[in-house]
Amino acid sequence: MPVKDEQQLPEVQQKKAGVSRRNFLKTVTGTVAGIGISQVINPALIQALEKGLKRHPVLWIQGQGCTGCSVSLLNSVSPPIADVLLKVISLQYHPTIGACEGELAMEHLYAVAEEYKGRFSLVVEGAIPTAAEGKYCVIGEMNHKEITMVDIVKELGAMAGSVLAIGTCATYGGIPAAKGNVTGATGVMDFFKTQGIKTPVVNIPGCPSHPDWIVGTIVHLLEKGIPELDDVGRPTLFFGENIHDNCPRLPLYEEGEMSATLSDPKGCRMDLGCKGPDTYADCYKRKWNSGLNWCVDNSVCIGCVEPGFPDGSSPFYEPA
Ligand code: FSX
Ligand code: SF4
Ligand code: SF4
């Protein structure tokens with residue numbers, strides 16, 4: 001089917017699209033802050049962009065995590081996640097949603113990495129357990145040999161053009177690396193340092209990551225290359241602003257009007273353990289669940305995108 005430029009779409013479809021291709025590109029490149037990626041990517045635009053966005057091989061591997069980041073991404077309804085996976089990128093391996101399994105899946109994983117050496121993106125979800133020679137996490141088997149998360153991140157990480165560490169476990173170790181970390185769990189950047197692997201890494205933390213952060217970073221990577229990163233490797237496009245400084249409840253904080261309980265719909269949540277002042281992310285304006293709500297509406301920010309999470313945020317709440 002020929003790909004139409006958005007300008008050529010009938011007026012009704014353009015209206016449905018909501019924004020022009022130019023604005024979309026501006027958004028993903030960070031010049032229009034505050035517009036949700038979900039609001040600007042839609043099937044019509046994705047079709048229009050197909051011409052420019054060459055399908056990009058992505059290999060997605062999972063270590064120590066809860067698969068919450070995959071679930072978060074798969075819950076993306078706008079854009080429909082199928083369009084992202086089938087039209088924007090070429091997802092060649094994913095342990096949870098892949099159609100094949102066992103040795104066949106492992107062979108495919110290695111074959112794609114070999115064919116697209118230096119050009120594919122490796123997505124890492126979950127931490128890497130380095131203790132006990134990596135035996136805490138065996139991701140597959142080939143020729144009767146176990147392949148650990150350590151093996152695969154080492155091999156494919158060195159072959160990839162770029163690595164996206166998705167979720168706080170993959171970026172900074174997260175929950176598996178919390179106090180009592182017997183498995184030697186670590187994030188991708190720290191692991192690469194120990195192995196001397198120089199492949200560029202983009203950190204997209206969050207427990208889980210927001211689907212817009214993942215999709216937006218992938219599109220930026222394809223259109224413009226690696227986005228601008230902060231000092232802990234996160235795209236400033238999504239992690240450049242302090243939650244507390246931008247929170248809609250900041251005026252209440254300044255007036256000293258504090259929530260006494262989580263069910264209190266008004267008031268600042270600081271006395272309930274809110275970590276907004278130490279946290280950098282755009283949740284306050286992007287929100288979650290397709291823009292329905294965000295943590296501070298119903299609870300507190302627990303700083304899930306920060307390198308020290310969860311130990312650095314703990315205890316989440318201490319009664320006075
Ligand atoms: Fe960690 Fe992500 Fe938290 Fe879970 O993949 S970032 S535990 S939401 O799923 O790994
Ligand atoms: Fe800051 Fe949290 Fe209070 Fe918002 S609710 S003003 S982020 S302390
Ligand atoms: Fe994580 Fe805080 Fe954003 Fe909630 S508001 S997703 S805890 S950074």
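Note that this is a predicted model, so its numbers are computed, not measured. Reckoned from all heavy atoms, side chains included, excluding hydrogens, waters and symmetry mates. Read the numbers this way: they start at 1 and go in the same order the structure lists the ligands and their atoms.
With a heavy-atom cut-off of 4.0 Å, I302 touches ligand 3 through backbone and side chain alike. If you look at V71 next to ligand 1, there are no close heavy atoms at all, none under 4.0 Å. Counting heavy atoms under 4.0 Å from ligand 3, residue Y284 does not touch it at all.
Applying the 4.0 Å criterion to heavy atoms of W288 picks out, from ligand 3, the atoms 6 (S). In the vicinity of C283, heavy-atom distances shorter than 4.0 Å reach the ligand 3 atoms 3 (Fe), 5 (S), 6 (S), 8 (S). With ligand atoms numbered from 1 in the order given, ligand 2 contributes 6 (S) to contacts under 4.0 Å with heavy atoms of L250. For ligand 3, the atoms closer than 4.0 angstrom to any heavy atom of C295 are 4 (Fe), 5 (S), 6 (S), 7 (S).
Classification of E146 and K135 as a salt-bridged pair holds, one side-chain N sitting under 4.0 Å from a carboxylate O. Note on R234 versus E306: salt bridge recorded, some NZ/NE/NH1/NH2 to OD/OE distance being below 4.0 Å. Salt bridge status for D282 with K285: absent, with no side-chain N to carboxylate O gap under 4.0 Å.
Closest protein heavy atom to atom 8 (S) of ligand 3: T279 CG2, 3.7 Å. Nearest non-hydrogen protein atom to atom 1 (Fe) of ligand 3 is C304 SG, 2.4 Å.
Between the side chain of R269 and the backbone N or O of D297 there is at least one donor-acceptor pair closer than 3.5 Å. At least one donor-acceptor pair under 3.5 Å links the side chain of N242 to the backbone N or O of H244. Between the side chain of S259 and the backbone N or O of L262, no donor-acceptor pair lies under 3.5 Å.
Taking 4.0 Å as the cut-off, G206 counts as a neighbour of ligand 1 on heavy-atom distance.
Legend: protein N/O/S atoms lying under 2.8 Å from atom 1 (Fe) of ligand 1, waters omitted, number 1.
Protein contacts to atom 2 (Fe) of ligand 2 involving N, O or S atoms at a distance below 2.8 Å are C274 SG.
Linking ILVMFWY residues whenever their side-chain heavy atoms come closer than 4.5 Å, directly or via other members, places V124 and V201 in the same cluster. Cluster annotation: I61 and L104 are assigned to distinct hydrophobic clusters (Ile/Leu/Val/Met/Phe/Trp/Tyr, side-chain heavy-atom contacts under 4.5 Å, transitive).
The nearest pair of heavy atoms linking D151 to K145 is OD2-NZ, 4.1 Å. What you find for T130 and G184 is that their closest heavy atoms are OG1-O, 2.7 Å. Of all non-hydrogen atoms in F309 and C207, the two that sit nearest each other are CE2-CB, 3.9 Å.
By the 6.0 Å contact criterion, OH on Y253 is open, its count of non-hydrogen atoms from other residues, nucleotides or ligands being 12 or less.
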Given T67 and E125, is the side chain to side chain donor-acceptor pair (under 3.5 Å) satisfied, shown in steps? CA-CA 8 Å; T67 316; E125 179 182 8; 5.0 Å; no
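Ring geometry for W288 versus H210: interplanar angle of 30 to 60°, hence tilted.
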